[in-house]
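Have a look at the structure below, then the notes.
Lettering of chains follows the sequences in order, A, B, ..., and the numbering in each one begins at 1. Note that the coordinates shown come from a computational prediction; the quantities given were computed from them, not determined experimentally.
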2 protein chains.
Amino acid sequence: MNASNTSATRETGKNPTLSDVARVAGVSYATADRVINDRGNVAEKSVRKVHDAMSELGYIRNVAAANLSRQRTYRLAFLLPKGRNAFFSRVRAHLDSLVEHLVVDQISVDVSEIDAFDVEGLKHSLLSIVDASYDGIAVVGLQSEEIAEPLRKLQEQGTSIIGLVSDLPVDHRAAYVGINNVAAGRTAGRLLGLSHAGRKGCVQMIVGSLDARDHADRLSGFREVISEDYPNIELLDPIMTRDDAEKVAAVVKEALVAEPKVSAVYNVGAGNSGLVAALEQCTRPKRFFCIVHELVAHTHKALLNKHIDLVIDQRPDVEINRSITILKALIDGREIPPMQDLVPTIYVRDNLPSHIPDTTLRHTQDHD
Amino acid sequence: MNASNTSATRETGKNPTLSDVARVAGVSYATADRVINDRGNVAEKSVRKVHDAMSELGYIRNVAAANLSRQRTYRLAFLLPKGRNAFFSRVRAHLDSLVEHLVVDQISVDVSEIDAFDVEGLKHSLLSIVDASYDGIAVVGLQSEEIAEPLRKLQEQGTSIIGLVSDLPVDHRAAYVGINNVAAGRTAGRLLGLSHAGRKGCVQMIVGSLDARDHADRLSGFREVISEDYPNIELLDPIMTRDDAEKVAAVVKEALVAEPKVSAVYNVGAGNSGLVAALEQCTRPKRFFCIVHELVAHTHKALLNKHIDLVIDQRPDVEINRSITILKALIDGREIPPMQDLVPTIYVRDNLPSHIPDTTLRHTQDHD
DNA sequence: CTGAAAGCGCTTACAG
DNA sequence: CTGAAAGCGCTTACAG
């Protein structure tokens with residue numbers, strides 16, 4: 001009935017210090033320091049003695065003290081595609097709201113803008129920040145091998161690199177923080193299938209560009225599920241929009257007139273403000289089922305308005321928090337703490353976060 | 001085209017130190033220290049001078065240095081309901097996997113077991129840990145005013161308290177980490193409504209106990225949505241099971257025979273291993289739609305097996321990480337960093353995390 | 001290859 | 001009410 005302590009403990013507080021290790025090993029503090037930090041120039045024998053003492057005492061290095069003495073500061077940068085994209089506005093907003101809380105942990109973060117989907121642009125951006133010698137960077141990447149060289153330079157110089165939202169070539173980054181987009185597409189497919197409850201249906205898919213890995217992945221995941229499990233649902237050829245809201249609006253209107261049998265729309269990419277506008281003007285008596293990606297101001301609103309039924313979101317806020325945690329661990333040279341996969345999050349109008357996502361609408365028009 | 005730095009920065013590194021403040025204020029380090037830490041015994045005039053210097057320099061206290069000098073250690077405890085519950089096994093597993101990563105931040109965490117749903121038990125548990133003088137505790141709470149007294153004692157003694165998963169009386173905790181269960185129920189209702197696509201339906205609801213706030217909240221959220229938006233769906237009276245898997249199994253079997261019109265089952269509470277067992281034996285030709293709560297080993301499996309269609313999960317891993325972040329901030333006396341609401345997460349079989357949740361099956365039978 | 005000493009930015013007695 | 005000094009657990013020159 002009373003509280004009984006169990007397992008998960010480990011005495012903290014009287015942790016052995018490096019002087020303890022040195023004393024037990026019978027060497028000076030300086031030598032002990034040399035071996036635990038691999039600074040070399042230590043006799044084999046001393047190394048052994050120190051290692052023995054370490055394991056005997058269960059020594060754990062106090063990173064905070066080390067960082068203090070070294071005046072360590074974490075200089076981070078996020079490289080985000082520039083432009084009028086609501087999703088990345090949300091990312092920036094979260095980053096902005098975080099900075100004042102990060103200073104107290106000696107973390108500073110800059111955000112740099114890069115040209116979206118442009119290998120050359122990304123390459124130049126990477127090159128241009130080499131001199132800034134950041135301790136860690138998170139970059140919304142591209143798969144091209146062309147950026148291998150700047151990434152290598154950054155690595156050589158000691159900056160830790162992770163891919164964010166869209167991965168980098170796997171050999172040139174320490175981690176990837178983002179969702180599995182095939183899974184995201186499959187999830188959309190599953191829910192769309194469910195919503196038809198065995199009835200016949202027909203889906204208009206909308207895509208930004210098949211060159212974008214995330215779009216292509218979502219599309220193929222979606223197709224997989226529909227063809228595997230929902231033979232009652234027909235798929236029309238996807239329409240490309242380059243994520244342009246006006247294009248999306250035009251396409252949606254046209255498709256709905258030309259194809260009165262359409263029962264559902266799935267927008268794999270961005271430009272949802274156009275989609276919502278088109279739906280608002282739609283005069284079809286029978287509404288259709290609508291799934292889109294990323295919760296931002298207008299998709300949030302459309303969910304409440306019932307113009308959209310489901311939003312699949314990748315939780316940029318948790319992606320950012322994770323990025324920072326991981327970069328810090330990388331920089332400190334420690335293990336990355338265990339974390340569960342990032343999962344594509346499904347929003348209906350009932351599990352929406354109470355605070356509308358911080359989309360700073362600093363751009364006159366908001367194309368996502 | 002090149003990276004251009006923007007906003008989110010703030011110089012770190014050459015942050016002014018307290019000696020700078022003291023020098024600018026024209027007082028000794030010790031006095032400056034007294035005023036920034038509110039230790040009293042300082043002349044009005046000195047206080048003012050120090051404050052002026054602080055804001056002039058933009059002084060930010062270095063918490064790491066302070067903690068080092070004070071040999072600060074974060075002694076945390078989690079009070080979890082004891083017993084054979086798969087959800088809390090998952091919580092414990094995550095906690096266990098975290099401890100070795102927390103030591104390096106001078107954080108230790110104990111986990112204590114308390115009697116589930118038992119006010120007296122909780123009260124005694126709280127009382128019994130007063131002497132341990134933890135710096136912070138996270139407790140799976142109850143709403144009763146009976147526990148106000150032990151909570152007050154803990155607070156007076158300086159331990160920070162938060163409610164986890166199930167809240168404490170609001171006056172006696174600094175924060176609550178958990179989902180909104182009305183929203184969770186509404187979400188279940190919405191998806192169940194969707195799955196019927198306008199067809200007639202009939203739902204058998206299963207509940208652990210209406211005395212449990214979370215169960216009651218989910219049930220009422222669920223009912224709200226169905227009655228608001230899905231008049232085609234009928235709700236049978238909920239059946240109580242005290243979260244006992246065998247009871248759940250029996251109830252499900254019986255209900256399905258007695259009510260052949262049942263098109264869906266929603267288990268608001270636990271005991272899902274029983275539900276799955278019953279479904280596996282079910283011989284009805286027409287399968288029905290099934291929604292449950294919490295992703296654990298057997299619900300995960302049932303999702304893949306198609307015995308269950310949807311799982312609504314509260315992501316205990318993120319709840320725990322957040323609890324620790326919040327407790328640490330509370331203990332350091334700093335602001336809690338901005339975080340988005342915890343949202344009820346929807347799993348279909350396509351957005352499942354790749355690693356099966358760590359349910360340590362240390363109990364022979366697993367009742368959730 | 002090894003060690004003594006100062007310093008990182010704070011807190012905590014201790015003396016005035 | 002005020003200040004000088006030692007110490008927290010490390011790192012970084014600097015001297016041997």
ask   = Nearest of D:dG9, C:dG3, D:dA4 to any side-chain atom of B:A30?
value = D:dA4
request  = Round to a whole Å and report the spacing from CG of B:D105 to P of D:dG9.
outcome  = 16 Å
ask   = Can you give the dot-bracket line for DNA chain D, where a pair is Watson-Crick or G-U wobble with both atom distances under 3.5 Å, crossing pairs use [ ], and | marks a partner on another strand?
value = |||.||||||||.|||
ask   = Using a cut-off of less than 4.0 Å, is there contact between a side-chain N or O of B:Y29 and OP1 or OP2 of D:dA4?
value = no
request  = Just do the salt bridge (Lys or Arg N to Asp or Glu O under 4.0 Å) check on A:R334 and B:D105 with the steps written out, would you?
outcome  = CA-CA 12 Å; A:R334 39 168 152 158; B:D105 293 317; 3.3 Å; yes
ask   = Rounded to the nearest Å, what distance is computed from the CG atom of residue B:N62 to the C1' atom of nucleotide D:dC8?
value = 13 Å
task = Consider the side chain of B:S46, meaning its heavy atoms from C-beta on, and name the nucleotide among C:dC10, D:dT2, C:dT2 that approaches it most closely.
result = D:dT2
ask   = Whole-Å distance between D:dC1 C1' and B:K49 NZ?
value = 12 Å
query = Do A:R34 and C:dG3 share a donor-acceptor pair, side chain to base, under 3.5 Å?
reply = yes
request  = Measure from CD on A:Q106 to P on C:dC10 and round the result to the nearest Å.
outcome  = 9 Å
query = Does OP1 or OP2 of C:dG9 have a side-chain N or O of B:S19 closer than 4.0 Å?
reply = no
task = Give a yes/no on whether any side-chain N or O of B:S69 is located under 4.0 angstrom from OP1 or OP2 of C:dG9.
result = no
ask   = Should the pair B:R152-B:E156 be classified as a salt bridge under the 4.0 Å nitrogen-to-oxygen rule?
value = no
ask   = Is any NZ, NE, NH1 or NH2 atom of the basic residue among A:E44 and A:R48 found under 4.0 Å from an Asp or Glu carboxylate oxygen of the other?
value = yes
inquiry  = Once you apply a heavy-atom cut-off of 4.0 Å, does B:L68 come out as touching a base, just sugar-phosphate, or nothing?
reply    = base
key: Given C:dT11, D:dA4, C:dG9, the nucleotide with the shortest approach to the side chain of B:S28   = D:dA4
Where at least one partner belongs to residues 31-42 of chain A, residue pairs that pass salt bridge (Lys or Arg N to Asp or Glu O under 4.0 Å), sequence neighbours excluded = A:D33-A:R39
ask   = Would you call A:K49 and A:D52 a salt bridge, taking side-chain N to carboxylate O under 4.0 Å as the test?
value = no
Selection from D:dG9, C:dC8, D:dT2 that lies nearest to any side-chain heavy atom of B:T31 = D:dT2
note = Separation of C:dT11 atom P from B:R61 atom CZ, nearest Å, is 5 Å
ask   = According to a strict under-4.0 Å criterion, is A:R39 in side-chain N/O contact with OP1 or OP2 of C:dC1?
value = no
inquiry  = On the nucleotide D:dT11, are OP1 or OP2 found under 4.0 Å from the side-chain N or O atoms that A:N37 carries?
reply    = yes
message = Under 4.0 Å between a side-chain nitrogen and a carboxylate oxygen: does that hold for A:D135 and A:K328?
response = no
request  = Could you pick out which residue, B:R70 or B:G40, lies toward the 5' side of DNA chain D when each is mapped onto its nearest nucleotide?
outcome  = B:G40
message = Rounded to whole Å, how long is the line connecting atom CG of A:N15 with atom P of D:dC10?
response = 9 Å
task = Taking atom types as modelled, find out whether A:T31 and A:S28 have a side-chain donor-acceptor pair closer than 3.5 angstrom.
result = yes
key: Spacing of B:R72 atom CZ relative to D:dG9 atom P, expressed in whole Å   = 15 Å
remark   = Taken to the nearest whole Å, CG/A:N67 to C1'/D:dG9 is 12 Å
query = A:T17 side chain: which of D:dT2, C:dC10, D:dC10 is closest?
reply = D:dC10
key: A:R322 bridged to A:D317 by N-O distance under 4.0 Å   = no
Residue-phosphate contact under 4.0 Å: A:Q71 side-chain N/O, D:dT11 OP1/OP2 = no
inquiry  = Closest-nucleotide mapping onto DNA chain D: is B:N41 or B:A65 further toward the 5' terminus? I mean the 5' end.
reply    = B:N41
ask   = Which is true for A:D33 with a 4.0 Å heavy-atom rule: it touches a base, it touches only sugar-phosphate, or it touches nothing?
value = base
Side chains of B:Y59 and B:N15, donor plus acceptor under 3.5 Å = no
